[in-house]
Asker: 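Here you go, one structure.
Below, chains carry the letters A, B, ... as their sequence lines are ordered, and counting in each starts from 1. None of these values were measured; they are calculated from a predicted model.
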Amino acid sequence: MDITKALQLRKKYIQRQFAHLNDMQQQAVFTINGPLLILAGAGSGKTSVLINRISNMVRFADSFNSPYFPDDVREDTLQRLEAAVSGGTKLDFDQEREISTGEIRPYNILAITFTNKAAAELRARLAASLGKRALDIMASTFHSLCVRILRVEGERLGYAKAFTIYDSDDQKRIMREIMKDLNIDDKFIQLKTALNRISGYKDKLISPSEAEKYAANTHERLIVSCYGEYQKRLKAANALDFDDLIYQTVKLFRENSDVLEKYRNRYKYIMVDEYQDTSTAQFRLIDLLSSGHGNLCVVGDDDQSIYRFRGATIENILSFEEQYPKAKVIRLEQNYRSTANILSAANSVIENNKGRKGKTLWTSVKGGEKVKIFHLSREGEEGANVVSVIGENVRKGAKLSDHAVLYRMNMQSSNIENALARSGIPYRVIGGHRFYERSEIKDIMSYINIVVNPTDNLRLKRIINVPARKIGASTINTLQELADAKGVSMIDILYNMYEYPVLSRALTPLNNFLQIYKKLLELYRNSPMEDFVPNLINITGYRRMLEEQGDEGMTRLENIGQLVSNIQAFKDANEGATLEMFLEEVSLISDIDNYDADADSVTLMTIHSAKGLEFPYVFIVGMEEGIFPGEMSRYSQEDMEEERRLCYVGITRAKKELYISHCDERMIFGQTRRPLPSRFIDEMDSRACRLIDKRPQVKKVEPLSRATVVRPARPMPQSSFAAARRPKAAGGRKKTFARGDRVVHDVFGTGIVVNATPIANDTMLEIAFDSVGTKKVMANFAPVKKAD
DNA sequence: TATCGTAGTGTTTTT
DNA sequence: CACTACGATA
C-alpha cells in the first residue's frame, strides 16, 4: 500500500465533505485541538461551522491533520476510498470509520449555547448529519449543564437532589422578607438594586464573606448582609437561583478535585457559542473544565455583546488570546445573510465603538434595496406604517412570517399590536408577559413544587392560602418562626401542629390544608404525571375559585389547560419524564425557546430576543434618543457602546429589507415628549439609506440631521396639538361599509363584508376573504377599501 | 381575615 | 400610563 497516496486520498475525501464551506470556515472545522477563537460576524454561518466542526470530530477525529493511517486499514477500504474520491460519492458510517483516527467519541464533546432553543436546534442539526451518534453529544446551555451536574454532585455542597430553582419573582419575595426582618428601609436600598448587586457578586464569584471586605460604605455593607442572609435562606429552602447554578458549580469544582477530574475526562472537547456574552463565573467554569486538555473552542462576536447588564463581560472575548497564549484565531467576516446596503449600514454604525476587535462584514452580493428610514409625526402612525409596508410586501409575494418588528423595550409593542390587531393581521409577541410568569401558572407550579421539594417554604407560602383557607399572615408568620427556630421546614411543623400551643387558634384551617397536601402527595406518587394538575385544581379548590371569577377566571382556567397540555407534550417528547423533570425544564426555558417560525404571523420582540434570528423583512421602531439609545445609557460611554452593539444586532437581523422609523412626538410614561431621531440613524452610511418623510404636512422639511436640528421652540399645548394631528384614515373621510360590500384589503386581498358592527367611533367588519378565510378588522384603521 | 380603593411608584434589556 | 403595595373598612 502506498501510504503517501493513501494519505492524500484521505485528505481529499475529507476536504470534499466540507467543500461547501469557505476557506476560513474550513480552517475552523479542521482546527480541533488546543484553544481556538472564532470571531464570527453576524450571518457568517457560524452555526453551520459549529455543526461541521463537530461532524468532522465525530466522523474523522483529527484525521485531516494526522500523518498516520489506522494500523489495520484494509486494501478494499482504500479502493472504496479511491472510488468515492473520484466519483464524488460519500462513504457510509462504517467505511468512514476505517479511515478515521477515531479517538474522539461523541460522549466527549460538550457544546454550550446561549438559549435552550439554540441547543435544541444544534441537537436537531447534529442528528440530521450524524444520526444516532449525535445522541451522546452534550449540547446544552450553561444553566442546564450546571443543573445536570449539581443534581448528581450537589450533595457535596449540601444540596439535596430535588433542589428548586428560584426565578426572579421568588428572589424578590425572599429579598422583601429579608429587608423586613433586617429592618432595612426599602427606600434606602431598593429591592432591585440589592438583587442586582448580589447577582453581580455571584457573577464575579465573590462569596458573602469576601464581599464584606470590599464593602466600602454603609449602603454596601447592608447589601452584603442581605447577601449573606439571602444565601442562608436559599440554602435552607434547598433552592438555587440562576446565578447560583453557575457559582455553585464552580465552587464544587474548586473544592472537589475528584469531581472536576471526572468532568474533565468526560468533556474533552468543549465549544462555547455566543462567547461574548459569558460572565466571569462562566469563564471560570469552562476554564476549569478545559484546563486539562486545553481543547476549548469559543465562537463569538464582540460587536454583538449585549448582556453586560446581566454580568456578561466583553473582556472574556477581547482577552481570549491573553488568557490562552497558544490560541489560534479565525475570523469569519463574509456575510451570507444580508444585502450590501444593510451591511454597510451595520458597519458604519458599529465603527463608532472604540472597545472592539475591529472587523468589517462583507458580502459578494451587490446592492439590494436601501435601508428605509421613515420619519413619522406621532407614535400612532408607527403601527400604521408597519401595516402598510407589510401590505406591500405581501402583495409582492412575501409571507407574514417573513416579517419581524423589533424594539428596544417590551412596552413599545402595544402600539404595533393595536395596529396589527385592528387590521386583522395575525402576530406573535415574544417576551413581555410570559406564560410561566402568569400568576395562576405560578400558583399551580408552586403546588407541584412543594410536593416535589417539601422544604420549599417560599412556594408553600405562596399557595397555602390560595384559594383562601382562612390562613392569614399572622398564622403564616408563626409557622415560619417555628420552622426557623427548629431548623425544619414549615411542612414539618404542620405535620406536628398539635404540639404547638401558639397554633391552637388556627388548627382547623391548617389541618384542612394539611389534608389537601397529603392528598396531593398521594396523587403525585400514584398517578401518571399528566393527571396531576387536573386533579390538583379540584382537590385544592383552585378550579372553583377561578370559576367564581367570571371571564377573567375562565381565561386563567384556559391557561391552566394549556399547562396541562404542555405537561402532556413534555411527557410525549421525553421518555421516562417525571414532574421533577418538567419543573426543571420550565424553570430554565424562556419565551424565545417557544418561538415557532412556521406559523404564518408577524413576529414582535425586543432586539435582545432577536439575537441569533434572521428575517427577510425587519422593522426597527422607535429609533429615537431616549428610547434607543435609552435614557439611562446617555451618560456612560460603556453603556452607549452597548446600545450601539444592540443596534448592530438589530440591523444585522435583516436579510432583504430593513425599515427604521422614528416619530416627532411620542407619549411615553404618561407624558408626551418630542424626541430627536436616534444618533444611530445619523451614523448610518447615508448612501445605504433612503429617508422617507411620511408626516402629513404640506411642506416638506429637510430630513433632520444632528447639525441642522433645532428643538421645536415651544411644543404646542398637548390637546390642541394632538387634535390637529389626528391621523386620517386612508382616503381622508370616514369609511362606511355595509354587509355585502365587496372590499379589498392590502394584506388579505378581496373579500365580502359579512358583518358590520359599530364599536365606539369605528366599525368592526367581519370579512370573508377569498383566499384566507374570515377575519375581523376595524374599518377606519385597517387598510381596506371598497372594491370596484 | 378579605376586599376594596387609593396613592405612589417606576419605568431596559433576561438565562 | 400601568402596575403594585399598602391601608382602611366591612
Asker: With a 4.0 Å cut-off on N to O distance, would you call A:Arg462 and A:Asp169 a salt bridge?
Answerer: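 Looking at A:Asp169 together with A:Arg462, the answer is yes, because their closest N to O distance falls below 4.0 Å.
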Asker: Is there a side-chain polar atom (N or O) of A:Ser609 under 4.0 Å from OP1 or OP2 of B:dT15?
Answerer: no
Asker: Under 4.0 angstrom, heavy atoms only, what part of the nucleic acid is A:Phe142 near: base, sugar-phosphate, or nothing?
Answerer: nothing
Asker: Write down the distance between NZ (A:Lys611) and P (B:dT15), rounded to a whole number of angstrom.
Answerer: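 Going from A:Lys611 (NZ) to B:dT15 (P), I get 10 Å.
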Asker: Could you check whether A:Ser168 gets within reach of a base, just the sugar-phosphate, or nothing at all, counting any heavy atom under 4.0 Å?
Answerer: nothing
Asker: How are the rings of A:Tyr201 and A:Tyr227 set to each other: parallel, tilted or perpendicular (split at 30° and 60°)?
Answerer: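 Parallel, since the angle between the ring planes stays under 30°.
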Asker: Rounded to whole angstrom units, what separation is found between the OH atom of A:Tyr247 and the C1' atom of B:dT15?
Answerer: 19 Å
Asker: Nearest-Å distance, CG (A:Leu285) to P (B:dT15)?
Answerer: 19 Å
Asker: Would you kindly give the CG-to-C1' distance between A:Leu613 and B:dT14, to the nearest whole Å?
Answerer: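 A:Leu613 atom CG is separated from B:dT14 atom C1' by 15 Å.
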Asker: For the residue pair A:Tyr307 and A:Phe114, does the interplanar ring angle fall in the parallel (under 30°), tilted (30 to 60°) or perpendicular (over 60°) class?
Answerer: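 If you compare the ring of A:Tyr307 with that of A:Phe114, the planes turn out tilted.
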Asker: Need one value for A:Arg308: base, sugar-phosphate or nothing, where a base atom within 4.0 Å counts as base even if backbone is also close, heavy atoms only.
Answerer: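 Result for A:Arg308 = nothing.
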Asker: Decide, yes or no, whether a salt bridge links A:Arg644 with A:Glu683 under the criterion of side-chain N to carboxylate O below 4.0 Å.
Answerer: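 Between A:Glu683 and A:Arg644 there is a salt bridge, with a charged N closer than 4.0 Å to a carboxylate O.
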Asker: For A:Gln304 and B:dT13, what is the distance between atoms CD and C1' respectively, to the nearest whole Å?
Answerer: 15 Å
Asker: Taking 4.0 Å as the cut-off, does a side-chain nitrogen or oxygen of A:Ser474 come that near to OP1 or OP2 on B:dT1?
Answerer: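 It does, given that an N or O in the side chain of A:Ser474 lies less than 4.0 Å from OP1 or OP2 of B:dT1.
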Asker: Let's go through A:Phe309 and A:His608 carefully: what are the C-alpha distance in whole Å and the side-chain angles of both, what is the deciding distance for ring pair (Phe, Tyr, Trp, His ring centres under 6.0 Å) to 0.1 Å, and is it a yes or a no?
Answerer: CA-CA 12 Å; A:Phe309 69 94; A:His608 280 91; 5.8 Å; yes
Asker: Can you sort out the partners of A:Arg469 under salt bridge (charged side-chain N to carboxylate O under 4.0 Å, His left out), two or more places apart, ordered by chain and number?
Answerer: none
Asker: Give A:Ser414 one of three labels, base, sugar-phosphate or nothing, depending on what nucleic acid heavy atoms sit under 4.0 Å from its own.
Answerer: nothing
Asker: Taking the ring of A:Phe242 and the ring of A:Tyr166, is the distance between their centroids below 6.0 Å?
Answerer: no
Asker: When you compare C:dA5 with B:dT12, how far apart are their C1' atoms, in angstrom units rounded to a whole number?
Answerer: 23 Å
Asker: Roughly how many Å is it from CD1 in A:Ile627 to P in B:dT13, rounded to a whole number?
Answerer: 12 Å
Asker: B:dT14 P sits how many Å from A:Ile165 CD1, rounded?
Answerer: 19 Å
Asker: For a quick check, with a 4.0 angstrom heavy-atom cut-off, what is the B/S/- contact string for nucleotides 2-12 of chain B, read 5' to 3'?
Answerer: S-------SBB
Asker: Measure the distance from CD on A:Gln276 to P on B:dT13 and round it to the nearest whole Å.
Answerer: 20 Å
